[in-house]
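Note that the coordinates shown come from a computational prediction; the quantities given were computed from them, not determined experimentally. Values reported hereafter were calculated over all heavy atoms of this structure, with side chains retained and with hydrogens, waters and symmetry mates removed. Residue numbering restarts at 1 for every chain, and letters A, B, ... go by the order of the sequence lines.
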There are 2 protein chains.
Amino acid sequence: MITFDHLIAVDPGKAYRLMNLGATGLVSAEHNGVTGMMPATWVCPLDLSPTRATAVIAKDHFTRPLIEKSGYFAIGVPTVAIAKELFYLGSVSKNEEPQKLEKSGATFFTLGDYRMPLADGCLGYLIFRVIPEPHNEEAYDLFIGECVAAWADKRVYSDNHIDFSAVDPELRTLHYVAGSHFFGLGDEVKGLD
Amino acid sequence: MITFDHLIAVDPGKAYRLMNLGATGLVSAEHNGVTGMMPATWVCPLDLSPTRATAVIAKDHFTRPLIEKSGYFAIGVPTVAIAKELFYLGSVSKNEEPQKLEKSGATFFTLGDYRMPLADGCLGYLIFRVIPEPHNEEAYDLFIGECVAAWADKRVYSDNHIDFSAVDPELRTLHYVAGSHFFGLGDEVKGLD
């Protein structure tokens, strides 16, 4: 059983901070009960107040038409704790494996009134409404979303600050290079202020 | 004196890997001898073969008109070694401090035939030609560039792979949250393949 005691709501005007570290994202969407989830390294904040973000979702991904039809997508910010599940979700397409999500080993849930699946083990979860930009979507596979709700793991995120110093290193964000090469985030750089 | 023995040319079709980790970028441009440089956390790969990337550059930045007039910008991928210099470059605008670059403490150089300043101490350097998208630039401050040349630090990057395991932790990438809070990249996650 999954509990949500560790999640707190985040102001959509501050939610970009969950993405600033540049971690790989876990993009998901839902339409008429059909769900999709895929890692996307090319996700990036675009604006604040409220948070907007870009996400590059190629045309062959199962999740893309779910975003196009529903007008919504979610970005989870995975931690090292679910690296294996994330790697599976990025290695298999639901176009070939209808049971992809179930077989990933991840635990899924939803938050608020939103029905896209979210994977347990993320630092944060952001829900985006698509701002339609047909040229960007067609020419660049680039989607723009505006954050309508967000949640974060309060063990790491509180008062809109991120602090990994007191938690298991498994709760740090996950950064992708290529192939099966992922890095965890390291320590804060001290002495800058 | 700065030497370039540690830099190797990178295939623009592979250069996105230098940005995949999601590190803060160091954006620079030059026009008619006028130079600007600013950290930009909101930079992200957009495509490969060749690498394209997005960069969010707000209208009040000194560097923005240099990009608009020249049609080019560079993205450096800074390491922890230049965290202080980068923090200064992000805290001061050349609109108020014409000697900003000189006062940053960073060491600058250029590569190839490109005249934008590059700061010593980056994992890689990517040169982009702007793909004009006036709507994106005006509505979202979003610039799209296509990589025309790239270089990387061969101590970390070789055969298009990134390996920090044998180098000083200061050569790892820098990841920004907010305020003066930066993190260095940690270790590779093993056992995924």
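A heavy-atom distance below 4.5 Å is found between the side chains of A:F143 and A:E68. The shortest side-chain heavy-atom distance between B:I57 and B:F73 does not fall under the 4.5 Å cut-off. Between A:I127 and A:W151 the shortest side-chain heavy-atom distance falls below 4.5 Å.
Side-chain atoms of B:K14 do not come within 3.5 Å of backbone N or O of B:T51 as any donor-acceptor pair. Within the 3.5 Å criterion, the main-chain N or O of B:R155 finds a donor-acceptor partner in the side chain of B:D153. A donor-acceptor pair under 3.5 Å is formed between the side chain of B:S28 and the backbone N or O of B:P117. A donor-acceptor pair is defined here as one N or O able to donate and one able to accept, closer than 3.5 Å; no such pair exists between the side chain of B:H181 and the backbone of B:G179.
A perpendicular orientation is assigned to the rings of A:H135 and A:Y140, their planes being inclined by more than 60° (bins at 30° and 60°). Note on ring orientation: taking the six-membered ring where Trp is involved, the planes of A:Y125 and A:F109 are perpendicular (angle over 60°, cut-offs 30° and 60°).
Ring centroid separation for the pair A:F164 and B:F183 comes in under the 6.0 Å cut-off.
A:L48 touches chain B through backbone and side chain together, each having a heavy atom under 4.5 Å away. Residue contact with chain A, scored on non-hydrogen atoms closer than 4.5 Å, involves the side chain of B:N136 exclusively. In this structure, no portion of A:R172 lies under 4.5 Å from any heavy atom of chain B.
The heavy-atom pair separating A:S93 from A:K100 by the smallest distance is C-CD, 4.0 Å.
Among B:T41, B:I131, B:T173, B:N160, the residue with the largest count of heavy-atom pairs under 4.5 Å with chain A is B:T41. Chosen from B:E133, B:R52, B:K190, B:E188, the residue pairing most often with chain A at heavy-atom distances under 4.5 Å is B:E188. Residue with the most contacts toward chain B among A:A53, A:S180, A:P45: A:P45 (heavy-atom pairs, distance under 4.5 Å). Ranking A:I144, A:L46, A:T54, A:V56 against chain B, the residue ahead of the rest is A:L46, based on heavy-atom pairs under 4.5 Å.
Chain A is approached within less than 4.5 Å, heavy atom to heavy atom, by B:V80, B:A83, B:K84, B:F87 from residues 78-91 of chain B, ordered by number. Heavy-atom proximity under 4.5 angstrom to chain A picks out B:Y16, B:R17, B:N20, B:L21, B:G22 from residues 15-24 of chain B.
Around CG of B:D60, the count of heavy atoms belonging to other residues, nucleotides or ligands within 6.0 Å exceeds 12.
Taking the charged nitrogens against the carboxylate oxygens, B:R64 and B:D141 do have a contact shorter than 4.0 Å, which makes a salt bridge.
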